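Numbers here simply count residues along the sequence, with the first being 1. First listed ligand is number 1; within each ligand, the first listed atom is number 1. This one's a predicted model, so the numbers in the text were calculated from it and none came from an experiment.
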Amino acid sequence: MVVTRFAPSPTGYLHIGGLRTALLNYLWARKNGGKFYLRIEDTDLKRNSQEAMEAILQAFEWVGLDYDGEVVYQSKRFDLYKQYVQQLLDEGKAYYCYMSKEELDALRAQQMERGERARYDGRYRDFDGTPPEGIDPVVRIKAPQDGTIVVQDGVKGDISISADEVDDFIIARADGTPTYNFVVAVDDATMGLTDVIRGDDHLYNTPKQLVVYEALGFTPPKFYHVPMINNEQGKKLSKRDGATDVMDYKSMGYLPEALLNFLVRLGWSYGDQEIFSLEEMLEKFNPKDLNKSPSSYNLDKLNWLNSHYIKNCSNDQLAKMLEAFDIYIFSHDKKEILLDESKERSKTIKELAQNVYMIVTDPEEFDKKAVKKARKNADILKEFKAYLGQIEQKLHLPSDYHQVIETFLNKNDLGFGKLGQPLRVALLGQMAGPGLDVVMSTIGKDQTLKRIDTAVEFFERQEG
Ligand code: GLU
């Protein structure tokens, strides 16, 4: 059985790099009918916040990654960690170290002076004398003193590290609290993890975690250290580049499907396929195909994917999503026409909201440049209004309005621009935007006439 986990530290919101890690673990577990756990690494009580914890859970819910069982909180497992520290002490695989902070600082200074790397020198490893007074000891693990530690990594291959690069590191602080690498290894082992997929910024922790596995007699999981996501310039992704809160993507109008699709491709590929539904990801994902080199964040690609997923949504789904942007058109009688047109021109739900708003709301202002051009043909607009006003047959579809415009232009022997420009400004306040027939069909004849009136009045008030 494949067992994976996502193990965020709740020191801030869930950012997209974290979500990518979560997704890869989720896919591998679900694909194999295994387990995917969520473990909150909240042992650093000073740096954790309840808010961050909730933000992580909220982001998980939004993207729809479901995890098995209850959320595991490290802060609730201190007894377990203590038990394992004690076990190592009892077995002589760990020991109390009474070195004071001053001594440790002095040792560090000497090592630096000699151009050596700072490392604990093992002075209490075999100590059996009387402990110095007034010192609360830390517990250190006995790391191997010679040979190599090999990290077998599914992405990077075997990485051998000389044993002397890992000193007898602290597994329990003087106040008894366990340290990071110790608890991660204990948790991964006791939660039955078979595969750990995580960012390669954690690679330097792995040898220490292997020392813990070895001492406790646990079998290590398979590790996959995934290269970072860089910006388009190949530098570390910053907030400005898009390394923001996953929930920001929701407020920017991205769909979870698009974001997950975008993230899975940052670090993994399957031929040259770009579009992956969750089902397809599940079918095709294998961590052995994770890329060895860093990926780069590309906003155009995210927008392209988002447009794709927006176009594939039903209009009912879109209408529901628009409600988060204060657009309520679920029961609008022209919902289909309105959204069919608007979704073609929208990269995000936010843009869709703007495009819909532009149609359903009377223009709040008129673009100056557009007015300057359009008002030359204000008379034609007036005539069109009169013509439209006297039509008795019911106008409904964009094609009905298209026909009206066409007939009017033919009758008066006019090119489209002469009417198109002022009508556009009247209906939308500006030149750019959707087809006029769609706008008129959506808002109906009465509203069209009203917008024309307002614009004509405005044109007439302009001087020059
Ligand atoms: N808690 C770590 C983090 O938030 C992840 C630890 C791990 O995956 O081993 O980056």
Q: Determine whether more than 12 heavy atoms belonging to other residues, nucleotides or ligands lie under 6.0 Å from atom CD of E51.
A: no
Q | Residue, atom name and distance, where the atom is the protein heavy atom closest to atom 5 (C) of ligand 1 | A | A7 O, 3.2 Å
Q. Quick one: nearest non-hydrogen protein atom to atom 9 (O) of ligand 1, plus distance?
A. R198 NH1, 2.7 Å
Q) Will you find, in the side chains of E351 and T348, an N or O donor that is under 3.5 Å from an N or O acceptor? A) no
Q | Region of P8 engaging ligand 1 - heavy atom pairs below 4.0 Å | A | backbone
Q) Does Y180 have a heavy atom less than 4.0 Å from any atom of ligand 1? A) yes
Q. Do D175 and R173 meet the salt-bridge criterion of a basic N to acidic O distance under 4.0 Å?
A. no
(Q) Suppose I only count heavy atoms of E41 and a 4.0 Å limit; which atoms of ligand 1 are within that range? (A) 1 (N), 2 (C), 5 (C), 6 (C)
Q | Any donor-acceptor N/O pair, R140 side chain to D167 backbone, under 3.5 Å | A | no
Q.
Counting only heavy atoms, tell me which of R5, R39, H202, H225 gets closest to atom 8 (O) of ligand 1.
A. R5
Q.
Could you check whether N261 and Y309, counting side-chain N and O atoms only, form a donor-acceptor pair closer than 3.5 Å?
A. yes
